[in-house]
Each structure stands twice: as C-alpha cells, then as structure tokens.
Amino acid sequence: MRTHWCGELRPAHAGQTVSLCGWVARRREHGEHLAFIDLRDREGIVQCVVDGSVDVRNEWVVRVTGVVRIRPEGTANPDLATGEVEVGDCTVEVLSTAEPPPFPVDDRIEADEAVRLRHRYVDLRRSRMQRNLRARAVANSALRRSMEEQGFIEIETPMLIASTPEGARDFVVPSRLQPGSFYALPQSPQLFKQLTMVGGIDRYYQIARCLRDEDLRADRQFEFMQLDVEASFVGQDEIIACISEAIRACTRAVTGTELGEIPRMSWHEAMERYGSDKPDVRFGMELVELTEVFAATGFKAFAGQVVKGIRVPGGAELSRKRLDDLTDKAKRWGAKGLVWMRVQEESLDSPVAKFLTDDELAGIRRALEATPGDLLLLVADERRVVQHVLGLLRLELGRPPLTEGGLNYLWVVDFPLFEGIDDDGRPVPAHHPFTMPHPDDLDLLTSGDPEDLLRVRSQAYDLVLNGWELGSGSVRIHRRDVQQTIFGLLGIDEEEARARFGFLLDAFRYGAPPHAGFAFGIDRLVALLVGEENIREVIAFPKTQSGADPLTNAPSPVDPKVLAELGLRVLPPSG
RNA sequence: GGUCCCGUGGUGCAGUUUGGAGUGCACGCCGGCCUGUCAAGCCGGAGGCCGCGGGUUCAAAUCCCGUCGGGACCGCCA
C-alpha cells in the first residue's frame, strides 16, 4: 500500500512517485482548484497538494499517491522536517472516515488527562506519546543489549506465584482448580531470581512486570517494569558497576548524553544533608546541624532536642499565610512545630526570637550562612523527624522542575539493616530479610543491645535520579547461620520461615553461591530521560490514581457464574 | 485513612473572591467563498443538566453541605 513514510521525504526523493498512508492532520482548501493535505504517520507530517477539491476531514485515514517535488520558491516550511518538499499531483483514496477527535491531535493544546486516557488510541497519535513510547522502546532495547554484552541471560519467571505476606499488598488471583486458594501476582521476581543463582545461571536478567497493590502516585502504577538483575560470585561493587554500565548505555541511547562515573553517597550522609534516602542533589538548601548551638538553651522547644535548619534564599518575602501553611504541613509531617526566621540586616525576625540568646541567634546566622532576605526554617525533635520534615520542606520550597539541572544519578549505599524497632521490640527490616549485613557489623547483630542493631549497616544500595528512587538491590545472605540470626532477630521462627520461604531455604541447602542483585524501574527512568514528571506519560495504557482504566472500564464486576466457579462470594459494601 | 487543587458547548480557558438572564474569548464542528497555503483566510451557523444531589436565598456557575470523577501530596509502597 505504501512506499514511504510521510516523515522521511526529503529533497533527495524529488521526482519519485510515492504512495503514503496516514491520518489527515490538517487540510487547507482553496476552492475547487487547489487543496493541501498535511498527512501524518508515525514518522512525521508531509504536505500533499491536490489539484482540485478533495472531500476529506481531519483524522480520516487515507492513501495518497503523488510525485515528490521541491516546494516552489518561498513556500518551504521550516517547522516541518519535510518542509522543503511536498507531494504534488496527488490522488487521494479514503481508507477510513473518522468522527472529529474528542480533543485535538496536536501537542500544542493540552487536553484533560481523563479524556486523553478514555481515548488513548487518539492520544497515542500525538507526537508527545509517539516520542515517549519510542524512547521507551529504545531504552528497553539498550538495556537488553547492555545486559547481554555483560554476560547476563534473560530468564522469564512466572506471573502466578505463591503469596508471601512480606512487603507490599499483593494482587491476588483465585484458583479455579483449588477453590479457596489463591495465587499472587509478583511484586518482583525476587525469590525466583535467587533460585536461578542456585540453578547455576550465574548472571540473570529480566525486563520484568511487577505488581503491587498500593496507592498510585505520579511515579507509581499498580504495574510497572523493572530491569531485574542478579549475579553470582559478586559483591556490591560488581553489581553497581554492571547496573551503572546499563544505565550509561540506556542514557546514551535515549538522550545522547555520555555519563561519567555515578557518584556514591552513604545513606547516613544523605539523611543528614538532604533529609531523604533519595536526595535530589540538583539544588542546595541542605540541612544544617544546629544541635550544638542550642546545647545549653533555655528555650524549651529546643532543649535536649536534635535541631537542624535549612536556609531558603530570598525566602523572607514569603507571606505570613504561606509561613502558617508551611507550619501546618510540618506538623502534618510529624513535627511538633516549625520555627521560621526572616533574616534582616541586624536581627532575625521570628516569633521565637525573644526566647533565644544573642549567642544563639548569632550561632544560627553563622551556621546557616544567612544573608539578609533569607528565610530560615528550624525543626527540633528526634533526629529522624527533623530529617524527614526538613527534607520535605526543602523539596517543597526548592525543588526545580524535573527537566532542569541535568541527570544527577546517585548511588546511595550503606543503608541500615533495620530502620527502627517496632512496638514488640522487634527490629524492622529496611530491605528484605535476605539482605546481607555489612561484614564489619556482624558483631553488632549479636550484642543484644537494640541500639547496636540500628547501627548495623547492610550491603544494600539504591540508585537515585533527581530525587526519584530508581531502584534498589543488595548482597543476599547465602550463609545459613547468618540467615538464622536475622530470622531470629525478626522473630521469624523455624516453622514460620519454612512456611514463608521454605523453597528458598531448601534450595540454599543444595549449594548456594554468594550472590547479589538489583532492580530498577524502567517507567521512572524513561520518564526522567524524556523529561516527563509523570510515568503515565511513558506508559501506553496507564491507570488513573484510583486504579481505574477509563478506556476499558477496568476494574469491573464479573459474572456470578465466574465467582461460583471460583468458590467466591462478594460481600455487600461495608459502611 | 488524611490534606489540598480542579470539574463551565467537542477542546482549551475566562467568569466564582463581592449571588442578579448561560455572559465572553480561542480552537474545533456544519454551510458558503477562495489557485500556494501551512495552527490558511473571509462570511454565516449550530452547539450548554456550568459533574451530580441537597441546602441557603426573591434569585446560585458563583455561597454552604454531601457525593462522583480527575490530579498533587502525606500515610502506605520490605
């Protein structure tokens, strides 16, 4: 039907008779003797000239046959890649008529996202989605090539697996052959990829679909894709090197940018300086330690607390209403309060200034390097709360648009093994329970002191890009004694361990190599590479924030017969 | 579970603060004119449950309550 793409025609094609297929992007009629049709396919738009009138409308699907020619002097269109040529003397064959689209197929006009999703097939014609989906294909291809060049073997793992109560909420699939029993959809291929290591694959990778039934966000969908990786006889540094290489290849393929070495930062440093384990290092406003300034303070709110602050350059202009709003937010995020100070030439304008000594006020100015016109924000509490709240305030007040500041990849390393102690006095794992502790910290595991437990570093590491967590990985425990120690600390007894992870523990009895792995989200990576702030823009058919698909109306009720066959009964809505 | 923003012809917006006739802009759509346009131009026309329900009021797009849908975020996401 077709000899060329619309978007590929150039002066070199002049003189050739071509047939093009596509959608009518626009038509310009000049009476019964002349009409222009801008024909669009996935490669671009080209102007077709009809010597006569032609009955087509926008978005009709047509086949056009004509002769490529250089446009007459002065009529080239520099806005089109094909703008130096046109297809002349065209005959037009209508392949499909079309109703007017529900929104313009033109990137210059924003359309409501709900409408775009309901008619996603129209939205996909727009150059934004065409560009994004093709960038995604390029990314997938580059990642596959990089992994294969590094000796990794692609293994597919099942979608219907056993539910494990760890981690996120599972999507669950009822079993017909065993009514009352359920499969889970994989949150990740974690356990299977470790089994491939026991299976001697040595280097596994997969572009894997992962499913987690948690609330959706701009950077989170129920279903998402990960580059999932595991390798044997390697440690943290080798995995980081492999993933860095894949990231470099992917970034190069999508953006043309050549990355250097990806810097590393310890989790501790990230928390202290940025108040986040996924720091956005594109801008300053770092958290500054002020605890010492108030070591002997008489101000009750600060006494005996960890105190940190951030400096918002020029922030003294913020209105009182805005400051109250920030205070409310700080409280919602867990702070007892928020102290703000407007920096003036000689003094600090603040509701609490009168409670502080001159030395303390001077100490704040000095530590935060305050200059007149700045706003200082201070939080006093236990360390985690201070970091968390100031970290969020920093993002709220300073975060640039995602398209600014380049690509700031960052490895965050030396995560703690445990992120806290729960109400039962049990340590809460920061990663999964197969994460290998740092070899230097093994003694701390068995000291019996809960404080020591919280100081245990793990061999877990995250990859962060411009404040988004791209992914995480760890060195896995392959030693039975260490695994038993960890299970013991977590309160998982022999029986429970067997019930939950028995097949993995069994496998480990038959010769488990030391192994380590990583996984990162491809949706997030591609979004950031193409400058989108929302992963829905790089997913062909995403779900809304309420988990619905406006195109297909999923989720939907099923026929009672289907339920009966599965041995299920739906309860009336509670309320 | 929570906080906040949005919902007005097919599309994008203004109007809502301070209630007074569905009032306006641009695009699209339909018809006509037009032989070099390119987001063509000119003339004419059609198109509205102001998301939905309730309340206040002489009077509601506008104020209040609820609800639905969309979005951002906190919690959650080992």
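What you see is a predicted model; the values in this text were computed from it and never measured. Below, read A as the first sequence line, B as the second, and so on, with proteins coming before strands; counting in each chain starts at 1.
- Stacking here means ring centres nearer than 5.5 Å and ring planes tilted less than 30 degrees, and by that measure A:F36 stacks onto B:U37.
- Under 3.5 Å, the side chain of A:E29 and the base of B:G41 form no donor-acceptor pair of N or O atoms.
- Pair assignment for B:C63: B:G55, on the basis of Watson-Crick or G-U wobble contacts that are both within less than 3.5 Å.
- Closest contact between the side chain of A:R217 and the listed nucleotides B:C30, B:G36, B:C73 involves B:C73.
- Within the 4.0 Å cut-off from OP1 or OP2 of B:C29, at least one side-chain nitrogen or oxygen of A:N58 is found.
- Phosphate proximity of B:G70 to A:S546: present, with a side-chain N or O under 4.0 Å from OP1 or OP2.
- In this structure, B:U3 forms a base pair with B:A72, meeting either the Watson-Crick or the G-U wobble geometry with both donor-acceptor distances under 3.5 Å.
- Nucleotide B:G24 forms a Watson-Crick or G-U wobble pair with B:C13, both donor-acceptor distances falling under 3.5 Å.
- Among B:C29, B:C38, B:G71, the nucleotide with an atom closest to any side-chain atom of A:T75 is B:C38.
- Checking B:A72, B:U11, B:G1 against the side-chain heavy atoms of A:D215 singles out B:G1 as nearest.
- Among B:G70, B:C77, B:C38, the nucleotide with an atom closest to any side-chain atom of A:R212 is B:C77.
- Under the 30°/60° scheme for interplanar angles, the aromatic rings of A:H13 and A:H4 are found to stand perpendicular.
- Pair check for B:G36 finds none; no Watson-Crick or G-U wobble contact set falls under 3.5 Å.
- In this structure, A:E86 reaches the bases: a heavy-atom distance under 4.0 Å links it to at least one base atom across the strands shown.
- Here the nucleotide nearest the side chain of A:R57, chosen from B:U11, B:G36, B:C30, is B:C30.
- At a cut-off of 3.5 angstrom, the base of B:G10 holds no donor-acceptor pair with the side chain of A:R118.
- Across all strands shown, B:C29 forms a Watson-Crick or G-U wobble pair with B:G45, both key distances being under 3.5 Å.
- Judged by distance alone, with hydrogens and angles left aside, A:Q47 brings a side-chain donor or acceptor within reach of the base of B:U37, the pair sitting under 3.5 Å.
- Under 4.0 Å is where a charged nitrogen must lie from a carboxylate oxygen, and between A:E396 and A:R322 at least one such pair does.
- Salt-bridge formation is not detected for the pair A:K321/A:D325: no Lys NZ or Arg NE/NH1/NH2 atom is positioned less than 4.0 Å from an Asp or Glu carboxylate oxygen.
- The listed nucleotides are B:U37, B:A39, B:G36; the one nearest the side chain of A:I109 is B:A39.
- Evaluation of A:H30 against the base of B:A40 yields a stacking contact (centre distance < 5.5 Å, interplanar angle < 30°).
- With hydrogens and angles left out, the side-chain atoms of A:T196 and A:E230 include no donor and acceptor closer than 3.5 Å.
- No donor-acceptor contact under 3.5 Å links the side chain of A:R26 to the base of B:C38.
- A donor-acceptor contact under 3.5 angstrom links the side-chain atoms of A:R220 to the base of B:C76.
- Base engagement by A:R71 is indicated by at least one non-hydrogen atom pair under 4.0 Å involving a base atom.
- To the nearest whole angstrom, the two P atoms, one in B:G20 and one in B:G15, are 14 Å apart.
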